Amino acid sequence: MHLLLLNGPNLNLLGQREPGIYGNGTLASIEERLRQEAKAEGAELDCFQSNFEGALVERIHQAMGLSQGILINAGAYTHTSIALRDALLGVAIPFVELHLSNTHARENFRHRSLLADRAVGVVSGFGPMSYSLALQGLLHHLGQF
């Protein structure tokens with residue numbers, strides 16, 4: 001089984017950016033841990049991060065016919081990107097939306113997701129553990145547990 005983890009804008013700054021909200025861990029450490037967790041469940045996980053919406057859309061397109069599921073922390077694009085929504089719907093690959101912080105406990109503009117209504121599930125507010133919970137949920141949905 002092949003899975004894809006997508007991380008959107010500013011997530012490359014994890015470990016430096018607002019540690020009170022996002023913690024001290026780096027994106028590289030989260031990705032490495034998640035790859036190991038996926039491998040333990042018999043899945044291969046590819047990781048991709050970009051600050052550019054178009055690059056994320058292209059990577060979603062490339063997943064068609066290759067990946068059975070997508071984990072996506074679209075960052076701020078969660079609240080603004082119709083293009084990401086359309087790409088995810090276009091490839092018809094099940095996906096889980098995830099966030100490090102509880103977006104509903106933050107600014108009002110973060111309460112609306114353009115992805116959530118079509119996601120298998122949404123995980124938010126558990127810091128780096130959100131990634132593990134999202135992986136477990138996606139694997140369960142795909143019948144791996």
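Side chains included, hydrogens not; waters and symmetry mates left out as well; all remaining heavy atoms used. As the structure is a prediction and not an experimental result, all values here were calculated from the model.
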Is a side-chain N or O of [X] found less than 3.5 angstrom from the main chain of [Y], in a donor-acceptor match?
X: S130; Y: G127; answer: yes
X: Q68; Y: H2; answer: yes
X: S67; Y: G69; answer: no
X: Y77; Y: E53; answer: yes

Nearest-0.5 Å distance, [atom1] of residue [X] to [atom2] of residue [Y]:
X: N7; Y: N12; atom1: CG; atom2: CG; answer: 9.5 Å
X: D46; Y: Q62; atom1: CG; atom2: CD; answer: 10.5 Å
X: L11; Y: I30; atom1: CG; atom2: CD1; answer: 8.0 Å
X: L5; Y: N73; atom1: CG; atom2: CG; answer: 8.0 Å
X: L133; Y: L138; atom1: CG; atom2: CG; answer: 12.5 Å
X: R59; Y: I70; atom1: CZ; atom2: CD1; answer: 8.5 Å

Which pair of heavy atoms, one from [X] and one from [Y], lies closest together, and at what distance?
X: L4; Y: A63; value: CD2-CB, 3.9 Å
X: L142; Y: P94; value: CD2-CG, 4.0 Å
X: L100; Y: P128; value: CD2-N, 3.5 Å
X: L27; Y: Y131; value: CD1-OH, 4.4 Å
X: P9; Y: A76; value: CG-N, 4.3 Å

hydrophobic_cluster_shared for [Y] and [X], side chain cutoff 4.5 Å:
X: F95; Y: L98; result: no
X: L45; Y: V120; result: yes
X: L84; Y: V91; result: yes
X: L115; Y: M64; result: yes
X: L56; Y: F52; result: no

Practice task
Name the orientation class of the two ring planes belonging to H79 and H99 (parallel below 30°, tilted from 30 to 60°, perpendicular beyond 60°).
Solution key: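 Geometry flag for H99 against H79: parallel rings.
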Practice task
Please examine the side chains of L34 and L71, heavy atoms only from C-beta on, and report whether any two atoms are closer than 4.5 Å.
Solution key: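 SC-SC contact between L71 and L34 confirmed.
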Exercise for the section: Answer whether the closest heavy-atom distance between the side chains of L139 and L3 falls below 4.5 Å. Expected result: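 Sidechains of L3 and L139: in contact.
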Handout entry: Qualifying side chain to side chain donor-acceptor pair (under 3.5 Å) pairs, either residue in residues 27-39, two or more places apart
Key =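 Matches after skipping sequence neighbours: T26-S29, E32-Q36, R33-E37, R33-S132, E37-S132.
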Handout entry: Side chains of N51 and Q49, donor plus acceptor under 3.5 Å
Key =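 There is such a pair between these side chains.
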Practice task
Say whether E97 and S113, considering side chains only, have a donor N or O and an acceptor N or O under 3.5 Å apart.
Solution key: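 On atom types as modelled, these side chains qualify, holding a pair under 3.5 Å.
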Practice task
Please say whether more than 12 non-hydrogen atoms of neighbouring residues, nucleotides or ligands are located less than 6.0 Å from CZ in F48.
Solution key: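 Yes - once you tally the heavy atoms of other residues, nucleotides and ligands closer than 6.0 Å, there are more than 12.
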Practice task
Share the residues that join L114 in a hydrophobic cluster, the rule being Ile, Leu, Val, Met, Phe, Trp or Tyr side chains under 4.5 Å apart at the heavy-atom level.
Solution key: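 Same cluster as L114: I82.
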Problem - side chain to side chain contact (heavy atoms under 4.5 Å, CB included) partner of I60, chosen from I93, L88, L89 - result: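 The side chain to side chain contact (heavy atoms under 4.5 Å, CB included) with I60 is passed solely by L88 among I93, L88, L89.
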Problem - R85 bridged to D117 by N-O distance under 4.0 Å - result: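 Yes, charged N to carboxylate O under 4.0 Å.
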